[in-house]
Amino acid sequence: LTSPIKEELAGTDQNMGNVNDNVDFRGIVQRIKSQQFKVKLDAITECRKILSKQKNPPIDDFFKLGVVPLLVETLQRHTDTVMLFETTWALTNIASGESVHTNAVVQSGACTILLKLLCHSDPSICEQAVWALGNIAGDGAKFRDMLLNDGNIIEVLAPTIARFWEA
């Protein structure tokens, strides 16, 4: 698994350009609904890569098609490391959008799952969960305070940081 920073530095997604005109957003979302693992994973990866564009990612295009609850459901039902990584990264990108996008991620119940992922054995998944929670907290005082008042985030985050700091 490649972290967002490493992927950006490697330039693997720099050539995305203005691909919005050629993207079948509806088709990608339909494939995310698939019960076939590979079809679902490929669609989520495609969604994540499109949302990882540096300028003006088409968050709203996916958002309007209902991708947030599909991604959260995927996090709830799957344990495969790559599936969790790609799905969490896609949610991280959506949470970086407008407040309406971040709110949808929160309202979908993603925070509880993201907090659990902070304890995942794979550091790449933990990193994505931290990014996603950071984007949520960074949306404003309301979500920042919600996460801090939960109390659980500090208890979970401190050992996670220590664990990977030592690695």
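For reference, positions follow the sequence shown, starting with 1.
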*In terms of heavy-atom contacts, does CD of E98 have more than 12 from other residues, nucleotides or ligands at under 6.0 Å?*
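Open.
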
*Would L41 and T87 satisfy side chain to side chain contact (heavy atoms under 4.5 Å, CB included), going step by step from the backbone distance to the final call?*
CA-CA 8 Å; L41 177 60; T87 305; over 6 Å; no

Any donor and acceptor pair, going by atom type alone, linking the side chain of [X] with main-chain N or O of [Y] inside 3.5 Å?
X    : Y    : result
S108 : V105 : yes
D60  : F63  : no
H120 : D122 : yes
N149 : D145 : yes

*Walk me through it: do S96 and W131 pass the test side chain to side chain contact (heavy atoms under 4.5 Å, CB included)?*
CA-CA 9 Å; S96 74; W131 277 103; over 6 Å; no

How long is the straight-line distance from [atom2] of [Y] back to [atom1] of [X], given to the nearest 0.5 Å?
X    : Y    : atom1 : atom2 : value
L91  : I44  : CG    : CD1   : 9.0 Å
W89  : C47  : CH2   : SG    : 12.5 Å
L65  : R26  : CG    : CZ    : 5.0 Å
R48  : L71  : CZ    : CG    : 12.5 Å
T74  : D80  : OG1   : CG    : 11.5 Å
L114 : I136 : CG    : CD1   : 5.5 Å

Student check: side-chain heavy atoms of [X] and [Y] closer than 4.5 Å:
X    : Y    : answer
V68  : I94  : yes
R31  : D42  : no
N93  : I59  : no
L147 : C111 : yes
N103 : F143 : yes

*May I have the step-by-step check of side chain to side chain contact (heavy atoms under 4.5 Å, CB included) for V67 and F25, ending in yes or no?*
CA-CA 10 Å; V67 77; F25 296 104; over 6 Å; no

Residue pair [X] / [Y]: nearest heavy atoms and the distance that separates them:
X    : Y    : result
L118 : V130 : CD2-CG2, 3.4 Å
A132 : A95  : O-CB, 4.4 Å
S99  : D139 : OG-OD1, 3.0 Å

*With side chain to side chain donor-acceptor pair (under 3.5 Å) as the test, would you mind laying out the steps for N135 and T102 before giving the verdict?*
CA-CA 8 Å; N135 286 345; T102 309; over 6 Å; no

_Hydrophobic cluster membership, with links at side-chain heavy-atom distances under 4.5 Å among I/L/V/M/F/W/Y: are M146 and L148 in one?_
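Yes; tracing contacts between hydrophobic side chains, which count when under 4.5 Å, links both residues.
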
*Classify the ring geometry between F37 and H78 as parallel (under 30°), tilted (30 to 60°) or perpendicular (over 60°).*
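Plane angle between 30° and 60°, so tilted.
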
*Can you check side chain to side chain contact (heavy atoms under 4.5 Å, CB included) on S124 and Q128, steps first, answer last?*
CA-CA 6 Å; S124 298; Q128 282 308 306; over 6 Å; no

